[in-house]
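Working notes, structure below.
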Amino acid sequence: MTRFPVSMPTVHQKLRSRSGPQFMSNVAADSSEPEKKSMIQKIKGVVPPANERKKLIPLAMMFFCILFNYTILRDTKDVLMVTAPKSGAEVIPFIKTYVNLPVAIGFTAVYAKLCDRLEQKNVFYACTVPFLFFFAAFAMFVYPNAGVLHPHAWVDSVASVLPAGFAAPLSIVRNWSYAVFYVMAEMWGSVVASLLFWSFANEVTTVDEAKKYYPLFGMGANVALIFSGQYVKWVSSLRANLAPGVDAWGMSLKYLMGAVVACGGVMLGLFSHMQRNVMTDPACVNQEEQAKKKSKKKVKMSLRDSAKFLMDSSYLRNLATLVVSYGMCINIVEVSWKAKLKQAYPDPNAYSAFMGNFSSATGSVTLVMMLLGRTIFQKYGWRKAALVTPTMIGVTGISFFALQLFGPAFAPLVAKLGTTPLMLAVLAGAAQNILSKSSKYSLFDPCKEMAYIPLDQESKTKGKAAVEVVGNPLGKSGGSLIQQLLIFGVGSLAAATPYLAAILCILLFGWFRSVDSLATQFEAVMEGEEA
């Protein structure tokens with residue numbers, strides 16, 4: 001665009017001094033030069049410079065490994081608990097409230113201690129390696145001996161003297177090793193993906209780089225959803241060739257956890273590579289700032305002090321509200337969907353195969369959303385991008401509940417489609433989850449992580465730990481607690497549907513307000529840094 005006014009006088013001079021076809025072709029050639037140059041410049045502008053590629057490529061590969069594992073773990077934990085003996089989807093709210101949340105709070109205290117005593121890179125190793133050891137041990141030793149480890153006879157004797165309402169909590173005790181696996185799989189998402197990875201990414205990435213690459217940066221990672229989904233489906237299909245009497249799900253579990261451990265090893269290798277070759281490169285990371293962070297005396301805070309630190313900052317409170325709101329909203333819809341899913345697929349391998357296809361579809365839709373995400377950031381800014389996820393969850397969630405409430409009205413449509421009301425509910429819930437999760441991965445997560453970058457080191461570590469590690473399970477536990485109260489009050493999840501829809505609307509209203517407040521604060525901080 002800047003060259004156009006410069007080229008015009010030259011063209012006019014030639015027009016006055018020359019004429020004829022040859023001259024006209026020369027003029028056309030001259031006028032096309034700026035277009036050629038601008039096209040080349042556009043292509044070059046899309047490719048990151050060498051110093052940015054050096055850190056973005058391994059970061060994207062790390063994120064691929066983490067999400068590959070998380071997808072497998074997320075699908076496997078549901079299969080284990082939902083299809084376990086005398087269990088079901090109604091157990092999930094109790095696990096998230098009474099097991100997952102206390103573990104998350106305890107981990108936050110441990111993480112704060114680790115941050116005080118170790119370098120940040122060693123904190124990464126100390127938190128990730130135990131996960132990989134646990135998942136390997138579960139597949140090789142714990143699951144094959146579940147019949148011995150699980151106290152079925154004792155729980156049956158206790159259940160005989162307790163009201164029927166205690167069936168879900170007793171199922172957690174009955175299948176305690178599956179419940180531990182469920183919590184560890186949930187914590188992988190909160191600790192490794194949300195906390196450790198993004199803390200490291202924010203440490204090596206500037207705000208300008210984040211705006212350009214965070215939406216696209218997850219594209220490679222979300223290919224992991226497609227690959228892991230198809231891997232889960234492939235493993236589930238292996239049972240067709242097994243000899244009679246072989247535990248098909250036990251064999252599948254070994255294949256799945258083997259992939260998790262292998263991918264975890266690749267992730268640790270990439271992290272080690274970046275510590276040696278990226279963190280020490282002045283072209284990639286500002287060495288002066290790194291030196292200041294290392295020399296700065298760490299302020300030791302107890303768990304109570306960390307909570308106070310979070311509550312005293314309106315910026316972090318808004319971030320926490322976003323995380324908690326997402327967890328509550330998605331949980332309110334997801335549990336109802338999984339109850340339908342178990343009815344449609346009671347066999348563990350069939351359930352797992354469906355979840356594999358679900359994960360692949362989520363990855364494919366997320367890739368499209370990632371491409372749209374960069375455009376949304378560039379054209380509309382942080383505020384509008386942050387509003388997409390609550391809008392998507394609101395529209396799809398309310399549509400899912402409407403289908404549940406007004407099911408009889410859809411009976412003619414169901415008959416024409418040649419399916420059943422149960423399968424239609426399963427597919428509608430799957431579509432809701434796919435669209436909600438794709439908007440989270442492509443827009444919600446990049447928006448949230450960009451908001452951390454301007455913060456000081458203390459807020460980035462301990463503030464982020466409080467928001468991510470406690471906020472994620474707190475949101476899911478909050479949604480679970482609401483469902484428990486409604487189940488006790490009205491008798492079932494199905495009867496609670498209208499109340500859940502109303503609560504979803506209230507939560508979304510609070511989410512929208514927090515986005516607006518945080519956007520104002522974020523924009524003010526960025527303007528101050530630019531000034």
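For reference, positions follow the sequence shown, starting with 1. Note: hydrogens, waters and symmetry copies are ignored here, and every other heavy atom, side chains too, is used.
Using a 30° and 60° split on the angle between ring planes, F138 and Y143 fall in the tilted class, from 30° to 60°. Ring orientation note: the planes of F134 and F181 are tilted relative to one another, at an angle of 30° to 60°. Taking the six-membered ring where the residue is Trp, F358 and W337 present tilted rings, their angle falling between 30° and 60°. Using bins of under 30°, 30° to 60° and over 60° for the plane-to-plane angle, the ring pair Y178/H150 lands in the perpendicular bin.
A donor-acceptor contact closer than 3.5 angstrom links the side chains of S517 and N318.
Atom CE of M62 sits about 6.0 Å away from atom CZ of F271, to the nearest 0.5 Å. Remark: I95 CD1 to I172 CD1 distance equals 4.5 Å, nearest 0.5 Å. Here CD1 of I330 is found 12.5 Å from OG of S325. Values are rounded to the nearest 0.5 Å. Going from atom CD1 of I503 over to atom CD of Q483 covers 9.0 Å, rounded to the nearest 0.5 Å. Rounding to the nearest 0.5 angstrom, the gap separating the OG1 atom in T128 from the CZ atom in F133 is 10.5 Å. A distance of 11.5 Å separates SG of C115 from CG of N122, quoted to the nearest 0.5 Å.
In this structure the side chain of L114 never reaches within 4.5 angstrom of the side chain of F107, judged on heavy atoms. At least one side-chain heavy atom of S252 sits under 4.5 Å from a side-chain heavy atom of V235. Inter-residue side-chain proximity for V173 and W154 is flagged as met; some heavy-atom pair is nearer than 4.5 Å. Residues L504 and I398 meet the side-chain proximity criterion, which asks for heavy atoms closer than 4.5 Å. Looking only at side-chain heavy atoms (C-beta outward), S336 and T497 stay at 4.5 Å or farther from each other. Side-chain contact between C127 and V123 is present, with heavy atoms from C-beta onward closer than 4.5 Å. Within the 4.5 Å cutoff, the side chain of F131 has heavy atoms near those of the V191 side chain. Residues Y182 and I92 form a side-chain contact, since some pair of their non-hydrogen atoms from C-beta on lies under 4.5 Å apart.
In this structure, E334 pairs ionically with K437, as a charged nitrogen and a carboxylate oxygen lie closer than 4.0 Å.
Although no hydrogens or angles enter the test, the distance criterion places no donor-acceptor pair under 3.5 Å between the side chain of S480 and the main chain of T97. Of the possible polar contacts, one joining the T321 side chain to the R317 backbone as a donor-acceptor pair under 3.5 Å is found. The main-chain N or O of T366 is never found under 3.5 Å from a side-chain atom of S442 such that the two would form a donor-acceptor pair. Judged purely by atom type and a 3.5 angstrom limit, T389 uses its side chain to pair as donor or acceptor with the backbone of S439.
The two residues I66 and W188 have their closest heavy-atom pair at O-NE1, 3.3 Å. The two residues P390 and L508 have their closest heavy-atom pair at O-CD2, 3.4 Å. The heavy-atom pair separating W198 from A193 by the smallest distance is CD1-O, 3.0 Å. The two residues Y70 and A185 come nearest to each other via the heavy atoms CE1-O, 3.8 Å. Nearest approach of S87 to N175, heavy atoms of both residues: CB-ND2, 4.2 Å. Listed here is the closest heavy atom pair of M423 and A344: CE-CB, 4.1 Å.
Summarising the local packing, CE of M61 is surrounded by 12 or fewer heavy atoms from other residues, nucleotides or ligands at distances under 6.0 Å. Enclosure of atom NZ in K233 is not indicated, since only 12 or fewer non-hydrogen atoms of other residues, nucleotides or ligands lie within 6.0 angstrom. Counting heavy-atom neighbours within 6.0 Å of Y315 OH, excluding the residue itself, gives a total above 12.
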Given the rule in the side-chain contact (heavy atoms from CB on, under 4.5 Å) test, do M328 and I482 qualify, once you have shown the distances and angles that lead to the verdict?
-> CA-CA 9 Å; M328 292 184 75; I482 289 170; 3.5 Å; yes
Please assess W234 against S237 for the test side-chain contact (heavy atoms from CB on, under 4.5 Å), listing each intermediate value before the final yes or no.
-> CA-CA 5 Å; W234 174 76; S237 69; 4.2 Å; yes
Do F68 and F227 pass the ring pair (Phe, Tyr, Trp, His ring centres under 6.0 Å) test, and can you show the C-alpha distance, the side-chain angles, and the key distance before you say yes or no?
-> CA-CA 7 Å; F68 182 92; F227 276 85; 7.8 Å; no
Any chance you could lay out the side-chain contact (heavy atoms from CB on, under 4.5 Å) test for L256 and F135, step after step, and finish with the verdict?
-> CA-CA 10 Å; L256 293 172; F135 294 131; over 6 Å; no
Going through the distances and angles, do V155 and K86 end up as a side-chain contact (heavy atoms from CB on, under 4.5 Å)?
-> CA-CA 11 Å; V155 173; K86 299 185 180 180; over 6 Å; no
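Each salt bridge (charged side-chain N to carboxylate O under 4.0 Å, His left out) pair with one or both residues in residues 245-267, not counting sequence neighbours, would appear here, but there are none.
Here the options are S352, S359, S228, the test is side chain to side chain donor-acceptor pair (under 3.5 Å), and the partner is D75; only S359 passes.
Partners of Q432 by side chain to side chain donor-acceptor pair (under 3.5 Å), not counting sequence neighbours, listed by chain and number: T396, S436.
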